[in-house]
Amino acid sequence: MAGTDRTPTWVVVGRTADGTTAVRLDDAGAEIDRRTIADLTAWVAEVESTAAPRWVWNDTPTWYDSLLVAGVRVARCHDLRLSHAILRDSASVTDATALRAAHAWDAAASDVTDVAPTLFDLDKTPGSALPDSLEDVLAEFHRQRTALDGAQDRGRLRLLIAAESAGALVAAELRAAGLPWDAAAHDALLTEMLGPQPAPGGVPRELERAATRVRDALGDPGVSLDSQPKLLRALHRVGVLAQSTSKWELSEYDHPAIAPLLEYKRLARLMSANGWGWLGEWVHDGRFRPVYVPGGVVTGRWASSGGGALQLPRQLRDAVRADPGWVLVVADVAQLEPRVLAAMAGDTALADAARGRDLYAGIVDRGTLQTRAEAKIAMLGAMYGATTGDSGRLVPALRRSFPRAMALVDEAARIGEDGGIVTTRLGRTSPPPSPQWRAAQARAGEPDATEADETRARRWARDRGRFTRNFVVQGTAAEWALAWLADLRGRLAALPPVPEADAAPRSGPAFGRRAHLAFFLHDEVIIHAPAAQADAAARAAADAAQTAARLLFGAFPLDFPLDVRIAATAQKD
DNA sequence: TTCCCTGGCGCG
DNA sequence: AAAGCGCGCCAGGGAA
């Protein structure tokens with residue numbers, strides 16, 4: 001058995017006629033051996049503890065969810081579905097022909113919430129199921145290795161693939177552990193704002209009161225406040241000639257109906273989005289378990305599906321409560337996107353302004369703009385492509401002070417307007433323009449193009465320019481956050497278990513007695529930690545931030561300071 | 001009845 | 001009614 005004592009770098013898992021088969025590969029991708037696995041959980045646990053390979057599988061939740069339920073974690077994986085999407089489109093990949101031809105790997109994220117499919121579902125959804133046979137999985141893995149080996153900036157692209165895959169592990173673990181959620185505290189908040197929970201289908205007391213005040217002020221006792229056209233007509237009848245019923249436009253008008261209407265909208269939103277229905281559906285056994293979708297946003301940010309995990313209103317954070325004897329470590333990065341822009345562009349002037357805690361204050365200190373509020377709105381305008389209003393007016397001042405950073409986003413916008421593609425620091429590439437977009441541009445260039453053709457083409461070009469302008473910054477910030485998350489995950493997993501800590505059974509067997517990630521939101525994490533481990537967890541978050549910066553930007557002199565709070569609840573104040 | 005679109009609003 | 005990016009979810013309303 002000459003080959004079998006080589007340490008495997010990769011272990012590829014897939015289905016065969018015999019069941020689940022694992023293939024061990026060495027660093028060069030050569031097969032060491034393969035075996036059929038009867039008890040996958042036990043085998044993974046054993047291999048993980050001795051060899052710590054990178055697990056290669058078609059889709060992380062498909063394999064990892066059941067491992068986590070059994071209390072088994074793995075350190076590293078290569079998620080073929082996520083990696084396929086990156087490599088297929090990346091401008092850094094020299095030859096993506098084979099990957100583009102492998103359409104079966106274009107499948108969307110598996111639906112981890114799926115219950116037993118109904119007859120109707122079977123009827124209409126033919127599976128965009130991912131290939132899972134060992135043969136297909138191995139073939140795709142080799143395609144991806146070949147693409148990576150031939151890529152430009154292959155170190156960065158490898159880092160992106162590793163970070164994306166680590167993110168998939170984190171997403172599965174976040175859902176398995178859940179965010180500690182105090183249903184009684186949530187109920188108390190709802191009762192305080194809305195009144196007691198109404199009978200099913202009923203309207204809470206405070207919502208009804210606000211509605212009555214609005215109807216009285218409008219002199220229209222029957223008007224529906226939930227129907228935008230009806231409400232708008234009722235407002236017009238009393239002289240409020242708004243174009244829409246959005247809260248910021250309504251607040252410009254002076255009429256006795258406005259204040260109660262804004263209150264009504266606030267309460268109605270709370271009731272429908274995060275009321276008792278949401279609580280009953282999404283919080284069980286003291287945990288909120290949302291579905292995270294790594295890579296779900298075109299820029300590489302995560303999306304969520306179900307539960308609205310990434311839209312939790314700040315006002316509900318008081319319901320996020322650590323278990324007894326545990327605490328929450330809430331850490332977020334200050335001004336992540338402008339810092340990322342400074343580092344990407346190598347703009348030392350902007351980096352100088354960012355050094356210390358508050359980048360916007362640094363811009364004011366340099367005399368570029370007068371107030372922090374101006375600096376913030378100008379910086380957002382520069383990254384989003386504002387051309388008018390306060391924001392557009394203030395951008396030129398930034399352009400004078402930070403020409404390198406502004407040139408980077410301006411160039412990204414120009415490329416997008418011209419129909420080109422742009423790429424993040426690590427190699428995630430924007431999608432090309434749609435056929436309709438190209439057709440509109442071509443049409444505008446024809447001799448008989450109308451004014452309308454030209455106007456539309458110009459508008460679509462600028463729209464796309466703002467998209468690519470923002471893509472490079474938002475996408476690179478997402479990469480920074482993935483690197484941060486991946487490194488932090490490793491640091492927390494390496495902390496010693498706290499013997500006296502409650503085993504926190506509600507977080508599942510994979511996380512007992514040790515700090516673990518509980519929430520992630522673009523530039524923020526919440527760690528659930530035994531009280532004795534809170535400081536170590538906070539340090540891990542800060543250290544991981546510096547590691548992420550070094551991984552993406554090398555020695556460029558810019559820090560990524562964290563705001564860290566340690567408390568029993570996630571409420572900021 | 002179901003499906004899709006829109007307006008509106010929550011998050012970064 | 002946003003100006004200025006990226007999302008998901010809900011309710012209403014009209015089309016199918």
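The chains referred to below are lettered A, B, ... by the order of the sequence lines, with proteins before strands, and numbering in each begins at 1. Below, all heavy atoms of this structure are taken into account, side chains as well, without hydrogens, waters or symmetry copies.
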| remark: What one should report as the nearest heavy-atom pair of Leu359(A) and Leu350(A) is CD1-CD1, 4.5 Å

| salt bridge (charged side-chain N to carboxylate O under 4.0 Å, His left out): pairs with one or both residues in residues 231-249 of chain A, sequence neighbours excluded | Asp220(A)-Arg237(A)

| field | Salt-bridge criterion met for Glu263(A) and Arg213(A) (N-O under 4.0 Å) | value | no

| said: Counting the atoms with a prime plus P, OP1 and OP2 as sugar-phosphate, which does Leu521(A) contact under 4.0 Å by heavy atoms, base, sugar-phosphate, or nothing? | reply: sugar-phosphate

| request: Starting at atom CG of Asp463(A), determine the distance to atom P of dG4(C), rounded to an integer number of angstrom. | output: 9 Å

| request: List in numerical order all residues of residues 236-255 of chain A for which some heavy atom is under 4.0 Å away from an atom belonging to DNA chain B. | output: Ser244(A), Thr245(A), Ser246(A), Lys247(A)

| Listed nucleotide nearest any side-chain atom of Gln311(A), set dG4(C), dG10(B), dG6(C) | dG10(B)

| task | Would you indicate, yes or no, if dG8(B) has its OP1 or OP2 atom less than 4.0 angstrom from a side-chain nitrogen or oxygen of Gln228(A)? | result | yes

| Would you call Arg209(A)-Glu206(A) a salt bridge at under 4.0 Å N-O? | yes

| said: Between dA1(C) and dT6(B), how many Å separate the two P atoms, rounded to a whole number? | reply: 14 Å

| Taking NZ from Lys230(A) and C1' from dA11(C), how many angstroms apart are they, rounded to a whole number? | 12 Å

| request: Please state the P separation for the pair dG4(C) and dG12(B) - nearest whole angstrom. | output: 22 Å

| message | Please determine whether the number of non-hydrogen atoms from other residues, nucleotides or ligands lying under 6.0 Å from atom NZ of Lys265(A) exceeds 12. | response | yes

| remark: Shortest non-hydrogen pair, Val293(A) vs Ser305(A), comes out as CG2-CB, 3.9 Å

| task | Write down the distance between CD1 (Ile258(A)) and C1' (dA1(C)), rounded to a whole number of angstrom. | result | 14 Å

| With no hydrogens and no angle check, is any side-chain donor or acceptor of Arg428(A) less than 3.5 Å from a backbone partner on Val298(A)? | no

| message | Under 4.0 Å, heavy atoms only, any strand: does Leu312(A) hit a base, just the sugar-phosphate, or nothing? | response | sugar-phosphate

| query | Among residues 259-278 of chain A, which contact DNA chain C at a heavy-atom distance under 4.0 Å? | reply | Arg269(A), Ser272(A)

| remark: On a heavy-atom basis, the closest approach of Pro204(A) and Trp276(A) is CG-CZ3, 4.4 Å

| Should the ring pair His528(A) and His516(A) be called parallel, tilted or perpendicular, given that the plane angle runs from 0 to 90° and is split at 30 and 60? | perpendicular

| request: Figure out the CZ/P separation between Arg317(A) and dG10(B), and round it to whole Å. | output: 15 Å

| task | Tell me, please, which residues at least two apart from Ala349(A) pass side chain to side chain contact (heavy atoms under 4.5 Å, CB included). | result | Asp347(A), Arg366(A), Phe402(A)

| Could one point to a donor on the side chain of Gln474(A) or the base of dG6(C) with an acceptor on the other under 3.5 Å away? | no

| With Thr547(A), which residues qualify under side chain to side chain contact (heavy atoms under 4.5 Å, CB included), at least two apart? | Asp487(A), Arg491(A), Arg550(A), Leu551(A)

| message | For a quick check, tell me whether the side chain of Arg301(A) and the base of dG12(B) share a donor-acceptor pair closer than 3.5 Å. | response | yes

| For Gly381(A), which contact category applies under a 4.0 Å heavy-atom criterion: base, sugar-phosphate, or nothing? | nothing

| request: For dA11(C), take OP1 and OP2 only and decide whether either is under 4.0 Å from a side-chain N or O of Ser227(A). | output: no

| Separation of dA11(C) C1' from Leu231(A) CG (nearest whole Å) | 13 Å

| field | Tyr292(A) side chain to Arg175(A) backbone, donor-acceptor under 3.5 Å | value | no

| dG13(C) C1' sits how many Å from Asp226(A) CG, rounded? | 13 Å

| query | Got a minute to check which stems DNA chain C is part of, using Watson-Crick or G-U wobble pairs under 3.5 Å, three or more consecutive? | reply | B:1-12 with C:5-16

| query | For Val473(A), which contact category applies under a 4.0 Å heavy-atom criterion: base, sugar-phosphate, or nothing? | reply | nothing

| query | Picking from dG4(C), dG8(C), dG6(C), which would you name as closest to the side chain of Ser304(A)? | reply | dG8(C)

| task | Rounded to the nearest angstrom, tell me the gap between atom CG in Asp523(A) and atom P in dG6(C). | result | 18 Å

| query | Quantified in whole Å, what is the C1' atom distance between nucleotide dC5(B) and nucleotide dA3(C)? | reply | 25 Å

| task | Remember a base hit wins even if backbone is also touched, and classify Leu316(A) as base, sugar-phosphate or nothing at under 4.0 Å, heavy atoms. | result | nothing

| field | Nearest heavy-atom neighbours spanning Ala538(A) and Ile566(A) | value | CB-CD1, 4.2 Å

| remark: Rounded to whole Å, the CG-P distance (Asp390(A) to dG4(C)) equals 12 Å

